[in-house]
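Atoms within each ligand, like the ligands themselves, are counted from 1 in listed order. Positions are given from 1, in the same order as the sequence printed here.
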Amino acid sequence: MKALRYAWASPATLVGLLLGLFALALGARARHVDGCIEFGGGALRAAIARLPGPCRFCAITFGHAILGVDARTLDVVRAHEHVHVRQYERCGALFFPLYAGSSLVQFVRGRDPYRDNRFEREAFAAEGA
Ligand SMILES: [Zn+2]
C-alpha cells in the first residue's frame, strides 16, 4: 500500500522535486524526514519574499516533497505539512484542482480562501491536536 500511495502522489511529488532542484540552486539543502524530502535554507526565503503577497509561504507541500524557508521552519510546520502529504496520498494529482476549488468556493462565500479551505482546516486542526 505504501508504494501505491507514493505512486498515486508522484505527479505532485515531481512538481515538488523540480521546485526543490530550483531551491538547491539557491543554496537550499535537502533532507529526508519521515518519508518526505524537505528542501530549505539558502536564498529560498529571499526568493519567496519576492513572490506576490498571496503567493508567499513559509512552507509548501507537493506530494512527498516539502519546501520551507529554512530547516527550523520545516521542523515547526512538519505536522501541518504532513497532513497535506496524507491529502496528496488520498487525492493524487487531483489535489491541485480540489484545493483550488475549495479556495474558490470559500472566496465566493466571502471567506478566507486560505484559512477556510477544507484542506487547510484539516491541517490546522491536526496541528492543534
Ligand atoms: Zn497548509
Side-chain angles (χ1 to χ4, degrees):
M1 284 307 289
K2 186 177 180 182
L4 194 58
R5 290 195 310 267
Y6 275 77
W8 181 236
S10 66
T13 303
L14 181 60
V15 172
L17 292 176
L18 291 172
L19 292 170
L21 288 175
F22 178 70
L24 292 175
L26 294 174
R29 293 183 178 271
R31 62 182 180 172
H32 181 255
V33 180
D34 296 337
C36 294
I37 300 177
E38 296 181 347
F39 299 92
L44 196 51
R45 179 187 300 273
I48 293 167
R50 290 188 185 144
L51 294 172
C55 298
R56 292 183 197 142
F57 57 89
C58 63
I60 191 165
T61 298
F62 296 93
H64 294 90
I66 304 170
L67 285 83
V69 293
D70 55 35
R72 185 180 183 287
T73 299
L74 287 163
D75 289 339
V76 170
V77 301
R78 187 164 294 118
H80 178 106
E81 298 306 323
H82 276 252
V83 172
H84 292 315
V85 171
R86 302 287 90 79
Q87 292 166 343
Y88 277 106
E89 289 178 344
R90 288 195 311 263
C91 303
L94 293 174
F95 180 83
F96 294 125
L98 291 171
Y99 185 98
S102 180
S103 287
L104 181 62
V105 166
Q106 298 309 323
F107 178 75
V108 168
R109 290 178 171 175
R111 298 180 183 157
D112 186 318
Y114 174 67
R115 285 272 175 185
D116 294 320
N117 178 301
R118 71 173 302 274
F119 298 98
E120 293 301 339
R121 285 196 321 265
E122 182 183 352
F124 283 115
E127 185 181 305

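The existence of a salt bridge linking E120 and R111 is excluded, since no basic side-chain nitrogen approaches an acidic carboxylate oxygen closer than 4.0 Å. The pair E38-R78 counts as a salt bridge, with a side-chain nitrogen and a carboxylate oxygen less than 4.0 angstrom apart.
Using cut-offs of 30° and 60° on the angle between ring planes, the pair F124 and Y114 is perpendicular.
Linking ILVMFWY residues whenever their side-chain heavy atoms come closer than 4.5 Å, directly or via other members, places L26 and I48 in the same cluster.
Not counting sequence neighbours, the partners of R45 by the salt bridge (Lys or Arg N to Asp or Glu O under 4.0 Å) test are D70.
In terms of modelled atom types and a separation under 3.5 Å, the side chain of T73 and the main chain of G68 share no donor-acceptor contact.
Protein N/O/S atoms closer than 2.8 Å to the Zn ion (ligand 1): H80 NE2, H84 NE2, E120 OE1, E120 OE2.
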